[in-house]
Structures are given as structure tokens and as C-alpha cells.
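So the structure is just underneath, and the comments pick up after that.
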Amino acid sequence: MTTTAELHHAAEGTADIAAALRRAGVSGVDDSALARGIYSADASLYRVVPQVVARPALTEELLAAHQTSRELGVPLTIRGAGTSIAGNAVGEGIVVDTRDLRQIIEIDPEARTATVQPGVIHADLQRAAAPYGLRFGPDPSTHSRCTIGGMIGNNACGSRALGYGRTSDNIEAATVLFGNGETGRFDARAGAASGETARQLLELAAQNLAHIRTSFGQFGRQISGYSLEHLLPENRGRIEKFIAGTEGTLGTVLQATVNLVQDEPGRRLMVLGFPNVAEAADAVPHILRAGAGRLIACEGMDSRLVALVRGAGKRVPVLPKGESWLFVETAGEAALDTLAAVKAASEAVGERMIEDPAEAAALWKIREDGAGLAGISLPTPAHSGWEDAAVPPEHLGAWMREFESLMKDYGLQGYPYGHFGDGCIHCRIDFPFQHGDSASTGVFREFMAACAAGLARYGGSLSGEHGDGRVRSELLPTMYSETSLALFAQAKAICDPENLLNPGIITAPDGSGPVPHTENIKPTQPKQDLPWPGMLLPHDAGDFGAAVHRCSGVGRCVAPKTNGVMCPSYLATMQEKDSTRGRGRILQEAMDGTLVKGLADPAVHEALDLCLACKGCASDCPAGVDMATYKAEALHQTYDRDAQGKPKKKLRPRSHYILGRLPFWAKLASPVAPLANLSMKLAPLAVVAKWSAGIDQRRSVPRFAAKTLRRAAKNLLGSQAAGAASSSQPDVWVWADSFTNHFFPQSGLAAIEFLRNQGLEARIIQKQGCCGLPWITTGQLDAAKARIDQAITVLEPVVASGVPVIGLEPSCLATLRSDAVELSAREEAKTVADGVLSFAELVNRLVDEGRIQLPDLTGTDVVAQPHCHQASIIGWEVDQALLEMAGATVTKVAGCCGLAGNFGVEKGHYEVSVAVAETYLLPAVRAQSERGRTDAARRVVLADGMSCKVQLDDLAGVEALHLAELLAQARPGSIAAEDPA
């Protein structure tokens, strides 16, 4: 056990390192518990707490970090996007995040090269090269966030390596800072490599030519160890290629020039079905021969992963007969002929040519999400570990049978998938780790050793893509001879004689063994439970620790651009602490680690502060992380529970009492709504009111409706027709949620008007039933549960009657669909969650039934901001389909509006709220306005959610419409001529 004195000494050492880095001019130095906790893990099994995190903004700062490391004798680990699966990107000393070194220095379209800094995101390079018809060939599943430096470190390959090669195959030149302090610049176009480090490496190869020629580079995916074959004279002594795959243990790439390839037109995808994964593997050699070198990709996918996607309610294109599939892709004029030959040679039981690019993209997305999906696909937790071993493709079928037999022998389960055409297989396996039991690594160790021995018999590689890291370095003696291992140690001694760069990985200068792969495994650390949780967490059996450990670090949330919702605050700040993954890591530390002392720790609240509770991660994260729910639980435990978890109220932030209970205050203000609105126009009163409520003074205060929806509906329809006590049933019931009822009743009235004009009767449910959303987002879960139970009691009989029930405010509807079953164990909660419809869902159903007709929206330019809860929980596909069916031109805005309920209104969040709006929403609105200068189309900004409407009004002066308002204002064939303004 670590003593208090030892902890104090460690803290002093950490402060000294941080101070030295700052004196050296390194920016972004952080030795807080928050930063160290977040960077203690990558996407692997391992947790290693660094002493300091640095995020240099300039190359000079990166050099200074290395200099400080050498001066102090402190280890240094380089990290890109932090998606390393083998424990390659965690270390005890200084962890350096390179993502601010993201300059694309030059695109040379004639030479077909790009020169980049190490932190350039793969997808950003693709976007920069696309105007020239070029792309960087290797295409990892993490392409939206992985860095080129990280790809070089791991010699990443990706789904299309069959056509475009590994990263090492695509490096033309590099500037490398070695661990010995020498900077080398290597460019094959300029002649032989120069410099003392290069001279010694080439001499090492020259002294061992026969051994290197017969032991290295034996097949494309032999990634483990150091790729010494690049140092051979027949390979021109390519130091820049040799450095690829060395995992930052020899040097750091400061700049790289990579080859670009032409983005071939006419890319075609065929899916082949097989009875099982082994038979799919058997077909690979035949497919490769038939493809005759023209295939770009040949990827394997298991039906069980596809079933998981379907089970989550996500669309999966029709797949051919089979339980295992190969995705075979080619391009060019001969694409169809090539695929016909592949089909004939494959002996597949089913096949389908994918003609629709959207369907192809959906299938590739499932493949890209493989690691996240595999982690939640089994009844017991599945882990990274034996992640991506490879064999020569001609042995793949035999190896797959042996691999599955070994899993069965050890009582393990896993769903294989991966780069079958390259002989590279990924698999997440349910190793029986036990929290608090270091001995529970026994099965893992034995299985790893057995697999390593099996791979060696097939001439395979322990790593086929992700490097050796902490998980495989110890196993290298199974794959390589003592001579090879000695060569690794000598290369390390030449480049990093003090063993400061990512020590314990692959080798050491003295030839000593790397770190054991059973040390620092996260699932064996002690685990805490919440004694009195507020959320039921049905997907995780009520276990909050298990829920937060859904985050395995695959990092889709740290992509700098997105087509979805996740993660809006990260897009605004680009700081790891503001990503879903960063928050997940700190919650894991709070539950199981040593740096963060429970959910009330300030580090937890700093990490969660900028979480908009948008629920984007609930749909966009392949592992199903729901940070909005976890944030609500953390706030609940902090303010409503004592140290033993029993109820005990603590003083909350002011905004929780006002904004977090807004429906309560709105109900009180309703009788005097005009007076309340008038008071907010008086500056002194408005200032005091905003201060009292914790509202930023730059924000407007939403106006209360002069008449609530319930009262207005009574006036519109008559008290008997509007009431739920009528003896006859209407065609549609409208739920008057608190926000529509008190702030935007026009949305509900428009829905009623539209349906009535179509000959249908719609009535308002007059009984009050608030979903409790503001109480949920502020963690007042006991009060929220009481409100959701009341709403369920009101809505369940109406839903059960068979008459459609619609909700108009997306956030409230989403609360019924998701949070209701998180808070209430009543069977009726599920009935309500499954039964309440959005307005678009109802209209779509009625159109399909032939009961109503859509108005003509031809000539209407719609910019639509789906509410983040709508996009994440309900889905916006039906809305878009209706608008396009009606003839509108639709621009769907990605991401969140930035207001997100009380978030953007609260003091301290204004700048981030505006920055989130500037990522997608405000540019889309400005672009629409610019279009208005050149054509006569009618402009409509569509936003069903109250938050989105308020944000648009505050920041753009735009009055947005609800879908119901847009349809109600139109008349069949006449909307293009009408303008509601």
C-alpha cells in the first residue's frame, strides 16, 4: 500500500516536472488530478497514471518537452488521439498530446505528396487532398480522429490497406527526434540517410543481413517488433519507413511527407455471405487470386455485431444470406468484371452488390464501429487484449478454427471481425477479470501465450495493425528468436540509450524484458458501487461503475468534425476533458481509481461542467455511453446523498433552484404572465432576476405565453371537445408538455389546426403531466422520479386506449422515451415510452394510411436544426423524409444548437454555448441568408425544440418554426406563394 509520505513525495516530483516543462516554454502543461486521470488510459486494458500531461502548440515546444525529459531522466510517451488499443499511449512520466501540432504544411498535387505535422487528423488530410482528387491511402476505422503521427507510430493499416498498403508503405520523408537528442531528416529522394544515428542503424543491419532477410518482412501484416527489413540495402536503408511501428520507443516524428494516391472513381462494393467466420476465412485466398491485385478491401464482419446494431434500432442495409460476411471493394473500369470473378471464386452462399452509396456508407460504418460494438456485444464485458493478430492469408481459415477452438477451451467468447484480405483479425473477448483480484489475470495470460504459440506455427504476427504495446511486447520471444530480440535491444540502445521513450514497450537498451502484460489492468482494480443510485441503469443491471466503463476509449467523440451530435463541447474547445471520453475516464477514476475521490470530487464537476446533456453520445458512441445520464447521477450523488449514499440535501447552485425547476415556476407565473414578461423589460429587475437564477446577463429570458396551450385549446375547440372527459375519443391526443404549454403554445395549436384541416379531431390532454426534464439534467432525481411517475399515470391510459398520442417538444418526448425507464421501474413506463409519437411520426403514419395529404413545399429552402435529444433518441429521419416528400430543399444541421436547456443560459457557459452554435448552426443560417440574395425561394429555419428556438432568437435574430407550424401555415399547392411573416 502506498504511504502518505510516498504520495507526498510523488506529488512534489510531479510539481517539479511540471515547473521544469513550463520554464522550458512548453504550453498546455497540466499536472492536475483531472488531466492525469483522463490521460491515464488509452483504448486498451491498461491504466498507467502519468506525472504530467503536456500539449505543445509548436514544434519548438515538443523539442523542449524532450529536452526536459532527458535533463530530468523522466520517461516520455507520445500520444496522438489516444485510441491505441495495446497500451501504446500510456506512460508513467510525461505524456505528450500532439493534437495541437496539426498544420498541413504542403499538398503537392504534382508529386502527389503531403507534408504534415504529427498531430494532423487523418480525416483533415483527406479533406485537404480531396480537391486534387487525391487521398492518403491507409484508412483506419478511427480515421475521423486518429493522427498521422499516431498512424506512423503504430504503422496503421486500416480497411483499405489491401489496395493502398500500410502507413510505412506511404512515407516518403520524415524529420525524427531520436531519444538520444539527435534530429534526423530522412528523404529517399535526396539520397542515402545521413546522421550518426542513421549510420549506426544501417551498420547494425549490414552486420546482420542474412538474419534480417529471413526473419522480417515475411508478409504484409508482420507488424510486431521493429521492422528491420527497411534498413536493408536492397530497400535503400529507409530510416523513415523503419521508424513506422516503433511506437514512439526510438524517436518522435516532428514532420512527415506522405504519399497520396488518386481517389479512384467508380468504387464498387459487393457483400458475400458465408455460413460462419471460418468458411469466410477459407474463401479469402481464392478471392485474392481472383481479384488479381485489383482489390481495395476485403473485410470480415460477424452477424452478431450486425444484430447488435439492429437491436439498437439503427438501420442496417439488407445483407445476403449467411452468418458471416466479406465486404469486397474494388474500383476502376474493370470493377464489375473483377467482382464477378471474385464471386465465382468465393463459393459464397449469398451475395449482394451494393449500388446505393448511402447503403455502402452504412455498412462501412458498422465495420468502423467494430471495436466499440464488440465491447458491448456479449453478456459479460468484452475487452481489448488479443486484438488484431495476423497470419498470411492462405492460413487464415485454419488459424480461425484454432483461434475459436482456443476460446472454447478457455471458456471465452468473442466475435471476430477485421481485415480478412490481409489475414488480420480483431476480436474483443470476455476475459474473466475480477475487480480487486489481481490473480484474475490467469486465464488472460494463459490464453495469450497459447494464441502466441499458435500464431508462430502459422508464421503469423502477434500484432497485425495496432502495435505490441503493453499487451504483446512480453510475448515477442514466442514470435522472434534470441537473435532478433537482441537486434531490437541494439536498435533501442542506438536511438534511446537512456530508455526514456515509452519505456517497457517492445524492448529495452540492455535487452531486459518489457513490462509484463498483466500489470496495470483496469478491470482488476478495486471497484466501488453506488449504495443508493438514482438511476435504474437497466442496460447495465443498475451498476453505475459498469455503465461508465462502457467507455473503452475508441474516441469517436474526439473527432474534430462530425455528422452527428456528439460531442458539442469538445467541438467548441478541443480539450480532452470536454469530450465524452474524457468525462468517462474521470468518472471511471471516481469509481475505481486513486486520483479522484468519488463523484463529489471537484475534478468530476470540472469535467462534467461543459457537458450539455445533449445525449448525442447515447446514439453516436458505438459503446452506448450516455453521459447525460451519468452527469445526472453524479449531480444527484453530490447534492442529494451523504457519504453513505443516503438522502441528505446539500446546497446546490442557484440555477438548479430556478432553471432546474422551470416548469414549477412557469406554472406559478402563468396567471400573471403579462406582468412577469413586462418586469423582464425593466433593466434593474432583469439584472436581479438573472443573478438570482444564475442566468448569464447576456441572455434573454424566454417570454411566458399569455395563454397556456391548455387554455388556448379550450378557447379554440370548446371546453368539452378540448377535455379528456369527453365521451367520444378524438383521432389524436396532444400532450401539453410544460415547455409547449407555458412558452410555445403556438406549436400545439398549429398541430391541432393542421390535423383539423385534414378532417381529423385532435384534443389536448388536460391533466398535467410534466416529464421532469429540468430536474433530471440538474440531478434532482428524487423529485424527477415523482414527476415522471405522475406523467406516466396521466399518459398510460391514453396511450393504452389505442388513440395516437403526440408530444411536440422533442426534449420532453425524448425524456418519456429514455429517462422514464431509467427512473421508473413501472411497466407502464415502457408502455408510454413505446407509445408516444412525435408530430412527424404521426404525420408519416397518417400519410402512409392515406388519411391526410402533405402540403406543397416546393420552392421552400429549409434549414433544420434537430433538437439534440430528437436526433439522439427519437431520430430525425422521418422529419427529413416528410419535408423532402413535400418538395422542400432541406439542409439538416449537424450537432447541437449550444443552448441545451439550462446549459447555455447559465452563467459561465455563454462563450462555449456560442462556440457550439458557431460549429454548425449559425454558419448554416448565414449560408441560407446568403442564398436568399440570389434566388427567390422561401426561407424557413425549422427548430422544434425550445432551446434551439431561444438560441436562434438570441444569437441570430431568427424566429424558427416548429414542423407543425410550417405544415399548418401551408395550403395544398400554395405554400411557395405564402409567407407567414
Side-chain angles (χ1 to χ4, degrees), residues 43-45 85-86 141 274-281 299-312 322-325 366-367 369-391 396-420 424-435 437 439-455 462 464 466 471-472 517-518 521-524 527 539-541 543 545-547 549-554 622-624:
S44 71
L45 282 169
I85 291 175
S141 61
F274 299 87
N276 53 59
V277 68
E279 293 191 46
E299 296 290 294
M301 176 59 66
D302 189 280
S303 63
R304 293 164 291 189
L305 295 180
V306 173
L308 192 68
V309 177
R310 288 195 175 112
E323 294 300 316
S324 184
W325 297 285
I366 296 171
R367 170 60 193 85
D369 290 344
L373 294 172
I376 58 172
S377 61
L378 299 171
T380 49
H383 305 278
S384 58
W386 194 262
E387 181 67 34
D388 65 322
V391 295
L396 185 60
W399 164 242
M400 283 309 308
R401 288 178 174 83
E402 182 170 339
F403 179 65
E404 293 202 310
S405 177
L406 282 169
M407 282 199 290
K408 184 177 181 181
D409 290 345
Y410 282 91
L412 302 172
Q413 296 183 77
Y415 300 159
Y417 64 100
H419 316 299
F420 280 38
C424 181
I425 300 299
H426 299 297
C427 190
R428 291 286 167 102
I429 301 173
D430 61 342
F431 297 112
F433 299 124
Q434 295 295 321
H435 284 285
D437 181 8
S440 65
T441 59
V443 171
F444 171 68
R445 174 173 283 280
E446 292 178 19
F447 178 79
M448 294 283 283
C451 283
L455 278 168
L462 302 177
H466 290 291
V471 75
R472 284 184 283 268
H517 60 240
T518 52
I521 290 180
K522 289 184 293 183
T524 65
K527 177 175 175 292
H539 299 296
D540 295 285
D543 186 338
H549 277 286
R550 278 177 171 265
C551 178
S552 58
V554 295

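What's counted below: heavy atoms across the whole structure, side chains too, no hydrogens, waters or symmetry copies.
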Between T524 and S440, the two heavy atoms sitting closest are CG2-OG, 3.6 Å
Is it true that K527 and D437 have a side-chain N and a carboxylate O under 4.0 angstrom from each other? no
Which heavy atom of R428 sits nearest a heavy atom of S552, and at what distance? NH1-OG, 4.1 Å
State, without any angle test, whether S303 and E323 hold a side-chain donor-acceptor pair at a distance under 3.5 Å. yes
Please determine whether side chain to side chain contact (heavy atoms under 4.5 Å, CB included) holds for the pair V306 and W325, giving the CA-CA distance in whole Å, both sets of side-chain angles, and the decisive distance to 0.1 Å. CA-CA 10 Å; V306 173; W325 297 285; 3.7 Å; yes
Just verifying a value: how many Å separate C424 SG and D388 CG, rounded to the nearest 0.5 Å? 5.0 Å
For R550 against G624, the heavy-atom pair lying closest together: CD-O, 3.7 Å
I need the F431 CZ to H383 NE2 distance, nearest 0.5 Å. 8.5 Å
If you take all heavy atoms of V554 and A43, which pair is closest and at what distance? N-CB, 4.2 Å
How far apart are the closest heavy atoms of M407 and C427, and which atoms are they? SD-SG, 4.3 Å
F444 ring center near H517 ring center (under 6.0 Å): yes
Using modelled atom types and a 3.5 Å cut-off, is there a donor and acceptor pairing between side-chain atoms of D543 and backbone atoms of A546? yes
